[in-house]
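Not measured: the values here are computed from a predicted model.
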Amino acid sequence: MGEEPYYVTTPIYYVNDVPHIGHAYTTLACDALARFMRLDGRRVMFLTGTDEHGQKVEKAADDLGIGAQELADRNSANFRDLAVTMGYTNDDFIRTTEPRHIDAVQHLWRILIEREEIYLGTYAGWYSVRDEAFFSESELIKGEDGKLLAPTGTGAEVEWVEEPSYFFRLSAWQDRLLEFYDAHPDFIAPDTRRNEVVSFVSGGLQDLSVSRTSFQWGVPVPDNPDHVMYVWLDALTNYLTAVGYPDTNSEAFQTYWPADLHMVGKDILRFHAVYWPAFLLAAGIEPPKRVFAHGWWTNEGEKISKSLGNVIDPLALVEEYGLDQVRYFLLREVPFGNDGDFSRAAMVQRVNGDLANGIGNLAQRTLTLIQRNCDAQVPDPADFTDDDTNLRLDCGPRLLVAMRQEMNQQRFHIALQELMAAVSAADAYITANEPWALKKTDPARMATVLYTLAEAIRTVVILAQPIIPGAAARLLDQLAVPDDARTFAQIKEESALAPGTALPKPEGVFPRLVDNADA
């Protein structure tokens with residue numbers, strides 16, 4: 001596919017708390033996409049980072065008795081550490097306190113002022129500090145204690161705010177946003193989320209308050225430093241900052257903008273699918289190509305919250321189950337876009353079923369037979385049957401086409417279903433051909449069957465790399481596949497295993513998990 005660019009972003013994460021499974025899940029999805037696109041010959045830009053301004057951060061720092069910058073430095077480092085532990089391959093990590101970002105945000109503000117898209121007024125309305133969002137009274141819900149809550153599902157209380165404020169003329173963009181959605185049907189995914197956004201915009205938009213004066217932890221408004229910018233105008237601009245904005249003639253901007261995909265949780269879809277394209281269109285900048293909003297995780301059937309003490313620490317999961325196992329489970333277990341429930345029983349069942357008993361067992365059986373019966377070398381095949389050829393196609397070029405289609409639509413779970421279907425086909429093939437029984441009756445056929453299996457494993461494992469990179473690397477090592485021959489371009493006949501290549505002694509890469517609750 002040449003050097004076609006691909007720009008994928010996570011939301012930038014608030015630094016008022018430590019990372020949890022939701023952060024890990026969002027960034028993992030982006031990492032899998034970035035790895036897939038790189039292996040598919042794309043020139044990738046993968047961005048993540050931290051959102052460090054706003055009333056919520058200032059309040060959290062005050063509660064701890066430290067400065068907001070100190071809290072931002074401390075918790076931003078936690079998100080960097082998470083990226084290392086989870087094996088993320090982000091190309092940049094942006095912080096909204098960086099000078100490059102402040103310059104970008106203030107430049108965007110000036111453009112919006114020049115285009116008369118922002119005006120000065122007074123704000124009076126409901127605000128959720130936890131969500132850093134304004135809500136109309138009709139959107140609010142009443143809690144059990146009678147207090148008014150934000151409609152985001154976070155249980156956040158709202159407070160009445162009155163203060164001078166700059167406003168963005170969001171109401172003027174209602175019809176133009178609806179026209180944009182119609183012209184770009186893939187802009188918001190999945191479809192249920194798209195319908196929600198279209199319904200919200202169709203219901204009428206009000207001008208948006210984009211500055212605050214009641215606190216100071218934010219980017220100062222140019223020419224009026226008593227105001228700091230609304231945290232979402234600040235935060236969303238990070239996607240531009242990372243590709244060189246405000247220098248729209250820079251190589252990075254010209255290469256990567258508009259972004260191919262903003263990956264977000266469903267709770268922040270409105271900011272990305274309504275406010276962000278309106279800001280960009282108002283500034284004369286093309287919006288991103290796609291915004292995908294995924295669901296939330298529960299823990300053993302319960303909503304995750306600090307008050308319940310059931311927050312899932314992704315670092316603890318990796319320590320208990322293994323990195324590749326956690327990566328695979330999170331992307332395979334739940335249809336991407338839906339809410340999902342984490343349970344230890346499901347983790348054990350999925351990992352043992354798909355990885356240990358599936359691809360791991362297939363590789364171990366095949367490589368052990370080669371070790372014992374083929375002098376620990378890649379077998380020298382004879383004539384291939386139609387069944388041999390079809391298995392190699394199903395595990396190679398056909399699987400690549402299927403997985404590429406699903407990954408382009410962020411259907412990770414279906415892409416992995418396709419991968420495991422190929423593994424199942426190879427299992428059926430080895431059972432049908434019984435290479436262990438062919439050594440005495442037809443050794444040439446045995447060599448052909450084992451070669452076909454080894455080649456099928458090679459291509460399946462190359463395609464599994466974006467999800468289980470560590471285990472895939474170890475399996476490819478056991479097939480003696482060179483480091484520079486592990487991209488999707490090698491899924492072809494010309495790159496097949498060379499007969500006679502020495503192979504190391506096979507070792508298992510997916511130990512069976514035990515449910516500690518049952519042990």
Side-chain angles (χ1 to χ4, degrees), residues 1-10 27-48 83 86-92 255-256 259-261 263 289-290 292 323-324 326-328 330-332 336 354-355 359 363 392-423 426 454-497 509:
M1 298 183 69
E3 284 289 313
E4 183 182 356
Y6 186 82
Y7 183 20
V8 59
T9 72
T10 74
T27 315
L28 170 59
C30 293
D31 180 69
L33 282 170
R35 288 175 179 270
F36 190 94
M37 297 303 172
R38 290 190 195 101
L39 289 167
D40 209 14
R42 304 284 290 270
R43 183 180 177 185
V44 171
M45 172 66 175
F46 167 24
L47 176 68
T48 189
M86 295 296 293
Y88 301 144
T89 56
N90 49 292
D91 298 286
D92 196 357
T255 300
Y256 294 112
D260 291 86
L261 177 68
M263 184 72 75
K289 298 175 185 176
R290 186 170 173 88
F292 192 104
L323 176 56
D324 288 307
V326 171
R327 288 174 62 102
Y328 182 86
L330 291 178
L331 292 180
R332 173 64 181 88
F336 197 73
D354 288 7
L355 299 183
I359 191 169
R392 288 176 61 181
L393 289 173
D394 287 343
C395 293
R398 290 171 183 162
L399 180 58
L400 171 58
V401 170
M403 288 189 68
R404 183 185 284 147
Q405 177 178 329
E406 302 306 333
M407 294 294 278
N408 279 332
Q409 294 298 312
Q410 295 80 57
R411 292 191 288 254
F412 301 99
H413 60 294
I414 299 180
L416 291 174
Q417 285 176 15
E418 297 282 0
L419 185 83
M420 292 312 303
V423 172
E455 181 59 17
I457 293 167
R458 178 186 76 90
T459 51
V460 164
V461 173
I462 284 176
L463 284 161
Q465 289 177 101
I467 312 299
I468 50 171
R474 293 193 293 275
L475 286 170
L476 291 171
D477 287 345
Q478 293 185 43
L479 287 167
V481 177
D483 289 345
D484 61 355
R486 300 183 178 189
T487 71
F488 298 166
Q490 275 74 48
I491 299 178
K492 58 184 180 181
E493 180 66 32
E494 294 81 359
S495 300
L497 296 168
V509 296

| message | In the structure I gave you, are the side-chain heavy atoms of Phe46 and Leu33 within less than 4.5 Å of one another anywhere? | response | no

| request: Without swapping roles, check the side chain of Glu406 against the backbone of Arg404 for a donor-acceptor pair under 3.5 Å. | output: no

| Test item: Asn90 side-chain N/O and Thr48 main-chain N/O as donor-acceptor pair under 3.5 Å | no

| Are Pro469 and Asp324 side-chain neighbours, meaning at least one heavy-atom pair lies under 4.5 Å? | yes

Which pairs of donor and acceptor atoms, one on a side chain in residues 413-421, lie under 3.5 Å apart (sequence neighbours left out)?
from: His413; atom 1: ND1; to: Phe336; atom 2: N; distance (Å): 3.1

| request: Please round to the nearest 0.5 Å and tell me the distance separating atom CG of Asp477 and atom CG of Leu479. | output: 9.0 Å

| query | Quick one: are Tyr6 and Arg43 in side-chain contact, heavy atoms under 4.5 Å? | reply | no

| query | Going by heavy atoms in the side chains, are Tyr7 and Leu47 under 4.5 Å from each other? | reply | yes

| query | Hey, are the side chains of Arg38 and Thr89 touching, using non-hydrogen atoms and a 4.5 Å cut-off? | reply | yes

| Residue pair Arg290 / Gln409, side-chain heavy-atom distance below 4.5 Å | yes

| message | I need the Ile457 CD1 to Ile462 CD1 distance, nearest 0.5 Å. | response | 12.5 Å

| said: Holding to salt bridge (charged side-chain N to carboxylate O under 4.0 Å, His left out), I want the full list of residues that pass it with Asp31, two or more places apart in sequence or in another chain. | reply: Arg35, Arg327

| Quick one: does Thr459's side chain have a donor or acceptor within less than 3.5 Å of a partner on Cys395's backbone? | yes

| request: Could you tell me whether a side-chain N or O of Arg42 sits under 3.5 Å from a main-chain N or O of Pro5, the two making a donor and an acceptor? | output: yes

| message | Nearest 0.5 angstrom please: Ile491 CD1 to Arg398 CZ, how far? | response | 14.0 Å

| What is the distance from atom CG of Leu261 to atom CE of Met37, rounded to the nearest 0.5 Å? | 8.5 Å

| message | Please report the interatomic distance CG(Leu39) to CZ(Phe488), rounded to the nearest 0.5 Å. | response | 4.5 Å

| remark: Taken to the nearest 0.5 Å, the spacing of Leu331 CG from Ile467 CD1 works out to 5.0 Å

| request: For the residue pair Thr27 and Met86, establish whether any side-chain heavy-atom pair is separated by less than 4.5 Å. | output: no

| said: Donor-acceptor check, side chain of Asp260 to backbone of Val8, threshold 3.5 angstrom: yes or no? | reply: no

